[in-house]
Undergrad: 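Sending over a structure as structure tokens; questions will come in a sec.
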Amino acid sequence: MRINIICIILLQCLLLGCNEISKNTVQVPEQLRVSEGFQNPLGFYDATPSFSWKLSQTVKKQTAYTIVVASNPDLLPNQLDIWNSGKVTSNQSTFVKYEGKPLKSRQNVFWQVQYWDENNTPSNWSETAQIEMGLLSNSEWKAKWIKIPDPKQWETTQYGTRLFRPQYLRNDFKSDTDVKKARLYITSKGVFQAYINGRKIGNDVLTPGWTPYHKRIETLTYDVTENLQNDKNTIGIILAEGWHSGRFGPRRRWDTVVAPPQVICQLEIEDIKGKVKTIISDDNWKATRKGPIRTSGLYDGEVYDANFEMPNWSQPNFDDSTWETVETEDINPKTQLFPKKHATLKNKMTLQPIELIQTEDNSVLFDFGQNMVGVVRLNLPVKKGDTIKLRHGEMLDSKGALFTKNLGSAKSIDYYIAKENKVVTWQPTFTFHGFRYVELSGFNSAFKPEKSWVKGLVQYSDFEMQGEFNSSHPKLNQLHSNIQWGLRGNFFDVPLDCPQRSERLGWTGDAQVFIPTSLYLSDTHAFWAAWLTSMREEQFSNGGIPVVVPNFTGNFAQAGWSDACTIVPWELYFRTGDAGVLEDNYTMMKRWCAYHTSEATNHISHMSTVGDWLQPYSQQKDDRRGDTPNTLISTAFYAQSVKLTMKAAEILGFKEDKKYYEQLLDSISKAFENEYFNDEGQIKQPYTPTQTGYLLALGFDILSQETTDKAIHYLLKEFENTDNHLRTGFIGTPLLAPVLDKTGHADKLFEILFKETYPSWFYSINQGATTMWERWDGYTHDKGFADRALSFNHYAYGAIGQWMYERIAGIAPLEAGYQKILFAPMPHLKLNEASGSYESQYGRITASWKFMDNDFIYNISIPPNTSAKVVLPFFSDTANLTVNGQAPALTKEKNTVVIDDLINGDYKIIYKNTR
Ligand code: RAM
């Protein structure tokens with residue numbers, strides 16, 4: 001009886017309590033992130049971070065928020081010793097600026113957020129998130145750079161290229177206190193892998209990545225608390241040449257002195273009393289070059305000889321008496337050591353071979369079925385003395401052998417030399433390859449090759465692939481997959497043009513055309529922001545921007561390529577809503593515009609450009625350059641850069657600047673129209689009219705309305721002349737979709753996009769492409785390989801992905817960061833259905849449509865704290881439209897019907913009798 005009464009009371013309390021909660025609170029904010037999307041970062045770089053969170057699906061709008069920051073989680077949310085935003089009336093839930101004192105090196109802070117919904121009901125406090133800072137200035141480093149003293153720097157490999165032989169470095173130390181926490185701060189000029197007491201630290205690949213090393217080298221922070229043991233400990237590091245000391249291109253940089261690899265590290269061990277012991281790289285360290293990794297280069301591959309293995313070399317009690325004492329070097333104050341600004345490279349996926357092909361000469365080929373980037377992990381039986389050789393290639397030749405001609409001077413060969421009979425599991429550490437096929441030879445004839453002998457480890461920077469696209473057309477889906485693989489394969493710490501040949505450089509032109517697509521497919525916000533940091537550092541004193549970043553080509557700028565310095569920041573801002581990107585890059589943008597001005601006479605630019613790169617059927621002597629006049633390209637990009645800088649000035653509130661750029665843009669536009677266009681809207685003599693010439697003028701909105709209306713006619717004519725095939729290269733092709741679309745000729749675009757014949761997107765797919773190719777006809781079933789060394793993994797033409805999301809599925813930002821979303825799908829009879837989804841800062845946006853009988857059905861979902869406008873085609877007077885079963889308020893604009901101001905939720909839009 002008594003128990004029953006207690007139960008009833010408890011139940012009542014519980015119910016009352018629940019009521020209280022449901023009346024007074026909404027669900028807590030989720031997915032707390034700082035700055036460019038970091039989750040609880042360790043070794044963070046940003047001393048004045050911004051805060052973002054997502055609202056619960058049940059909430060429509062945020063009306064206010066409070067952010068609290070403390071030095072200890074126990075102080076939250078009320079005893080705040082770091083920062084309290086107070087209750088701020090605002091709907092801003094992304095990139096809210098921290099306004100406390102700048103965070104310091106090593107500082108550990110904890111934060112929570114609370115918001116109020118549309119009814120002014122508060123949420124509970126979120127879970128606690130945290131930030132731990134890295135070392136923010138060189139003065140925090142007590143350590144020195146170390147390297148093996150080595151008069152003979154180079155090893156010449158068996159194929160004639162010179163490489164630095166990897167160094168093994170070690171240091172013994174004691175830790176005899178109760179450790180509270182231990183952090184390893186580390187970086188290298190070159191690439192490294194660290195170990196403590198025989199255990200590998202972290203699971204990163206090719207750290208620290210690639211920056212303009214003379215200005216800034218990124219540092220990594222690892223939590224190594226669990227790695228330490230009482231008394232004797234050892235830290236070991238393997239160091240290889242990587243980007244810093246490696247070669248670029250066949251000869252580039254070989255003629256100048258290249259500095260050998262060096263490493264620097266600082267291990268800080270804090271005991272439970274708060275006392276800190278620091279182990280640094282210094283002249284106590286020993287080094288050898290006699291370890292098992294004999295040579296390793298990014299282009300050439302790795303040679304691992306197990307006969308050189310040194311068991312337990314990174315553990316205590318190892319006899320290093322034959323090792324040499326390292327040489328030390330002080331940190332150069334001109335080179336900033338700074339925490340890495342985006343995610344490291346990682347093994348992101350594993351591919352199994354789909355086929356094992358026996359070849360005649362005691363080698364086998366494995367086909368991974370997908371052109372990929374990374375390394376192969378071996379798992380096979382070996383006998384003492386076997387030399388396993390792995391050659392990598394993207395294609396097979398007509399005889400079925402591995403095709404490697406397109407690799408240039410990059411060898412891309414890995415070796416494993418066995419010292420005993422066993423089953424070996426091995427993968428190279430300091431190289432990467434672009435390949436679909438791997439040829440394995442040198443295995444022991446006693447064993448029969450099996451598919452399980454190899455796995456493909458797909459490596460790219462550690463971001464997530466979040467975008468999804470699907471349709472009823474298999475080739476369109478294959479195209480989407482090829483675009484995704486183009487991104488996976490080339491977003492390798494910096495945006496590379498290609499991952500396989502002796503190039504692999506951060507080409508700016510390719511990057512600027514692809515950034516919108518990349519942001520649909522993946523959360524590459526931090527990746528791009530970090531690359532922009534390198535770009536700022538590489539800006540020349542005259543304001544010019546190099547064509548590759550980090551710069552290895554020389555001190556020159558080129559229109560269409562260097563303009564990435566205005567286009568990338570603008571797109572990154574517009575698609576994420578992070579105005580901090582514009583703040584960080586505005587000075588670079590301005591200086592670039594001033595450089596453009598200095599390269600112009602009467603507003604016509606004579607800046608050099610490689611032109612509309614790889615335009616098919618070019619008439620030029622160097623037929624990689626397209627037919628579009630250089631100055632037309634340069635002046636068009638001059639206008640575009642000025643326009644984007646003007647828009648940035650407006651967002652940042654620089655009124656005077658905005659006015660200045662507005663006037664400048666007006667002058668450039670008028671000069672452009674006068675110079676290149678006649679009264680009929682046609683590109684005039686002596687300039688060659690090209691598809692790209694019209695696309696630039698119309699895509700960048702340079703012409704007056706009157707001339708625009710006329711010029712479209714000539715653009716369409718250019719396409720008639722080519723039976724709706726592309727005569728556009730890297731610059732023109734990405735403009736095709738936006739121009740045909742906004743001028744009301746999307747029909748034509750569908751025709752071009754769905755072409756099966758050369759040159760077109762589906763043409764390469766018909767030739768077996770599983771990635772984007774550098775040339776549409778890099779390989780054809782009829783003619784085999786094109787003459788020149790070329791890449792079968794070149795993401796630039798994947799820029800069409802943007803339009804697939806924007807206009808086939810129909811998801812686009814109407815306001816920066818998708819605070820207002822535009823759903824404007826373009827249903828086309830070539831497709832029965834299409835769908836897409838995108839992970840925005842506010843939550844997932846999805847859209848899918850299909851034709852069913854005579855009806856068109858469009859399902860969308862809108863995340864909290866955003867609104868949306870839906871624009872659908874006007875099918876006919878008799879077509880009847882409902883939203884979730886109700887007749888919506890709609891307006892008719894031109895050939896469309898518009899439903900505006902939808903708020904978060906799922907909507908089923910049914911449009912009856914559409915055909
Ligand atoms: C090539 C690169 C790149 C292109 C430049 C102009 O070597 O592959 O894609 O942008 O040249």
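Start at 1 and go down the list; that is how both ligands and their atoms are numbered.
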Undergrad: Does E806 come within less than 4.0 Å of R575, counting only side-chain N to carboxylate O?
TA: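 Yes.
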Undergrad: Give the atoms of ligand 1, by number and element, whose distance to some non-hydrogen atom of F730 is under 4.0 Å.
TA: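 Counting from 1, the qualifying ligand atoms are 9 (O).
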Undergrad: Between the candidates V548, I731, D510, L614, which shows the shortest non-hydrogen contact distance to atom 9 (O) of ligand 1?
TA: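 Going through V548, I731, D510, L614 one by one, D510 has the nearest heavy atom to atom 9 (O) of ligand 1.
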Undergrad: Here's a test for you: under side-chain hydrogen bond (donor to acceptor under 3.5 Å, both in side chains), which of Q500, R501, R436, H433 qualifies with E394?
TA: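 Only one option passes, and that is Q500.
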Undergrad: Quick one: which ligand 1 atoms are inside 4.0 Å of a heavy atom on E503?
TA: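 Those of ligand 1 that fall under 4.0 Å from E503 are 1 (C), 2 (C), 7 (O), 8 (O).
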Undergrad: Centres of the Y805 and Y838 rings: under 6.0 Å?
TA: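 When the ring centroids of Y805 and Y838 are compared, they turn out to be at least 6.0 Å apart.
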Undergrad: Can you tell if the side chain of T780 reaches within under 4.5 Å of the side chain of Y758, non-hydrogen atoms only?
TA: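 Counting from C-beta outward, T780 and Y758 never come under 4.5 Å.
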Undergrad: Using a 4.0 Å cutoff against the non-hydrogen atoms of R501, which atoms of ligand 1 qualify?
TA: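 Answer, ordered by atom number: 7 (O), 8 (O).
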Undergrad: Please identify which atoms of ligand 1 are closer than 4.0 Å to at least one heavy atom of E774.
TA: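 Counting from 1, the qualifying ligand atoms are 8 (O).
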Undergrad: Is S522 close to E464 at the side-chain level, that is, under 4.5 Å between some pair of heavy atoms?
TA: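 Result no, sub-4.5 Å side-chain heavy-atom pair not found.
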Undergrad: Considering only non-hydrogen protein atoms, determine which one is nearest to atom 8 (O) of ligand 1 and report residue, atom name and distance to 0.1 Å.
TA: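 That would be D497 OD2, 2.7 Å.
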Undergrad: Among protein heavy atoms, which sits nearest to atom 6 (C) of ligand 1, and what does the distance come to when rounded to 0.1 Å?
TA: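 In this structure, atom 6 (C) of ligand 1 has W613 CE2, 3.6 Å as its nearest protein heavy atom.
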Undergrad: Does the side chain of F463 come within less than 4.5 Å of T524's, by heavy atoms?
TA: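 Result yes, sub-4.5 Å side-chain heavy-atom pair found.
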